[in-house]
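Since the structure comes first, as structure tokens, the remarks are kept for the end.
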Amino acid sequence: MTGALTEHQEQARTQFRAFTDRHIAPHADTWHRAQRTPPAVIRLLAEEGLLGMHVPREYGGGGCDAVTLGLLAGELGRACSSVRSLLTVHSMVAHTVARWAGREVKERWLPRLASGERIAALAVSEPGTGSDAAGVSTRIDRDGDDFIVSGHKKWITYGDSADVFLLVGRSAEGPTALLVERDTPGLSTELIEDMIGIRASMTAHVRLDGCRIPGSHLLARAGLGVSHAVGAALDLGRYTVGWGCVGILDAALEACVDYACRREQFGSLIKDHQLVRRMISDMYTDARAARLLCLEAGRLRDARDPHAPAATSTAKYFAAAAAGRAAADAVQLHGANGCSSDYPVQRLLGDSRVMEIIEGSAQLHQVGLAEYAFQQRPCRSER
Ligand SMILES: Cc1cc2nc3c(=O)[nH]c(=O)nc-3n(C[C@H](O)[C@H](O)[C@H](O)COP(=O)(O)OP(=O)(O)OC[C@H]3O[C@@H](n4cnc5c(N)ncnc54)[C@H](O)[C@@H]3O)c2cc1C
């Protein structure tokens with residue numbers, strides 16, 4: 001590690017590593033092939049308190065700091081990106097409920113989300129709406145004290161098994177966020193199979209046909225309310241995805257070091273071929289750099305520094321691109337074996353592709369970070 005963690009954070013990381021090495025990593029390829037996360041695994045994560053680590057203690061969560069949450073996402077990402085994505089979406093929703101929901105919804109849902117007894121998913125994207133989340137077309141109409149919701153959400157991670165959804169739709173005033181329970185009449189889900197990556201994350205269509213949602217389930221009204229609430233959720237999602245990419249980098253590096261020390265060609269181990277060493281050195285450097293950027297983002301988040309969102313975007317953007325480079329090199333270094341499902345690097349390659357699309361595509365981070373850079377260092381003519 002870096003030596004820059006507190007003793008408590010270092011202990012937590014050691015525990016996360018022991019847990020994922022025992023219960024997650026050995027099964028990740030099987031779940032990837034089956035395109036399912038077994039319910040028993042979700043129960044185990046819940047029993048260990050891992051799904052509610054970031055939920056405030058007053059609601060039964062672990063109340064952990066951002067760095068510790070990141071370390072957990074990193075270890076889960078090293079073991080299985082699908083399971084890491086469960087932590088991501090569940091934490092995003094729990095975080096939003098903790099900060100923005102009314103008392104009744106908080107008291108009903110936060111203890112269940114903290115314990116992991118119930119699983120949450122984030123339902124923003126639609127067939128016609130992705131990066132531009134403000135363009136959602138799912139309709140939210142007032143009917144007395146209630147809302148009536150109709151529309152189609154797509155690509156919803158763990159949408160096929162989640163108990164509750166943070167849904168963003170469009171009311172007469174504009175984009176609006178509600179909490180929608182799975183057993184609401186009119187709500188149905190359908191699994192999306194054969195994705196390129198995070199294949200065990202039970203990504204789904206969520207269809208809503210005249211769903212009646214109590215007015216108390218309003219999380220954020222149109223305008224600044226929804227942009228703050230959903231913006232904060234996406235910011236947290238980016239943070240855990242960045243750390244998940246650190247995990248992919250670690251997994252790629254470990255797999256490659258192991259393979260290069262065993263595979264012989266041209267009378268020597270491939271680890272002794274200089275061009276193979278170059279791939280290892282790039283992976284190592286990328287892994288270190290991504291980890292340090294994620295750690296910086298975590299520390300700024302814990303300090304409530306106003307630059308934390310930009311640091312989070314930087315970390316996610318870099319780590320996702322680095323994970324993509326490392327996974328591609330990892331397949332290359334494994335040769336034909338890397339193209340087969342006998343080795344985990346094939347899974348890492350598919351998972352890494354997804355990382356540059358979710359929680360802000362690479363291009364959206366580029367656009368936002370360039371804007372931030374211009375703000376921080378104004379053009380000379382404007383100084
Ligand atoms: C595996 C997986 C899981 C997902 N899970 C969830 C989930 O749980 N909940 C949820 O709500 N959504 C989820 N999504 C959807 C995800 O949020 C979107 O895929 C993402 O926001 C990008 O939107 P899009 O796919 O529609 O691409 P588009 O927005 O259509 O973008 C297409 C291309 O255009 C580029 N582009 C778009 N706008 C700009 C711009 N202004 N400047 C430059 N380039 C631009 C993009 O970078 C991209 O390369 C998931 C997606 C995947 C693949």
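For ligands, and for the atoms within them, numbers begin at 1 and follow the listed sequence. This is a predicted model, so every value here is computed, not measured.
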Counting only heavy atoms on the protein side, is anything nearer than 4.0 Å to [atom]?
atom                    : answer
atom 2 (C) of ligand 1  : yes
atom 14 (N) of ligand 1 : yes
atom 52 (C) of ligand 1 : yes

N/O to N/O below 3.5 Å, does that happen between [X] and ligand 1?
X      : answer
Thr129 : no
Met195 : no
Ala123 : no

Could you identify the single nearest non-hydrogen protein atom to [atom] and state the distance to 0.1 Å?
atom                    : value
atom 9 (N) of ligand 1  : Leu122 O, 2.8 Å
atom 4 (C) of ligand 1  : Trp155 O, 3.0 Å
atom 39 (C) of ligand 1 : Leu364 CD2, 3.6 Å
atom 19 (O) of ligand 1 : Ile357 CG2, 3.6 Å
atom 21 (O) of ligand 1 : Gly130 C, 3.6 Å
atom 8 (O) of ligand 1  : Thr157 N, 2.9 Å
atom 46 (C) of ligand 1 : Ser361 OG, 3.5 Å

Is it possible for you to check whether Arg170 lies under 6.0 Å from the centre of the six-membered ring of Phe147, through NZ or CZ, and within 45° of that ring's axis?
no
Counting only heavy atoms, tell me which of Glu126, Gln363, Arg353 gets closest to atom 48 (C) of ligand 1.
Gln363
Could you check which of Gly237, Gly197, Ser131, Ser81 puts a non-hydrogen atom nearest to atom 22 (C) of ligand 1?
Ser131
Within a radius of less than 6.0 Å around CZ of Arg139, do more than 12 heavy atoms belonging to other residues, nucleotides or ligands occur?
no
Are side-chain N/O atoms of Tyr259 and Asn337 paired as donor and acceptor at under 3.5 Å?
yes
Pull out every atom of ligand 1 sitting under 4.0 Å from any heavy atom of [X], numbered as shown with elements.
X      : result
Ile156 : 7 (C), 8 (O), 9 (N), 10 (C), 11 (O)
Val354 : 1 (C)
Ile198 : 1 (C)
Ile358 : 2 (C), 3 (C), 4 (C), 50 (C), 51 (C), 52 (C)
Ser125 : 10 (C), 11 (O), 12 (N), 13 (C), 14 (N), 15 (C), 16 (C), 17 (O)

How long is the gap from SG on Cys256 to NZ on Lys271, to the nearest 0.5 Å?
14.5 Å
Write down the atom of Gly159, the atom of Phe165, and the distance for their closest heavy-atom approach.
O-CZ, 3.6 Å
Would [X] and [Y] pass as an ion pair if we require N to O under 4.0 Å?
X      : Y      : answer
Arg277 : Asp272 : yes
Asp235 : Lys316 : no
Glu181 : Arg108 : yes
Arg221 : Glu173 : no

Consider only side-chain heavy atoms of I, L, V, M, F, W and Y, link residues closer than 4.5 Å, and tell whether Leu293 and Tyr372 are in one cluster.
no
Aromatic plane relationship, His365 with Tyr317 - under 30° parallel, 30 to 60° tilted, over 60° perpendicular
parallel
Mind running salt bridge (charged side-chain N to carboxylate O under 4.0 Å, His left out) on Arg13 and Glu75 for me, showing each step along the way?
CA-CA 8 Å; Arg13 193 197 66 85; Glu75 293 304 324; 3.6 Å; yes
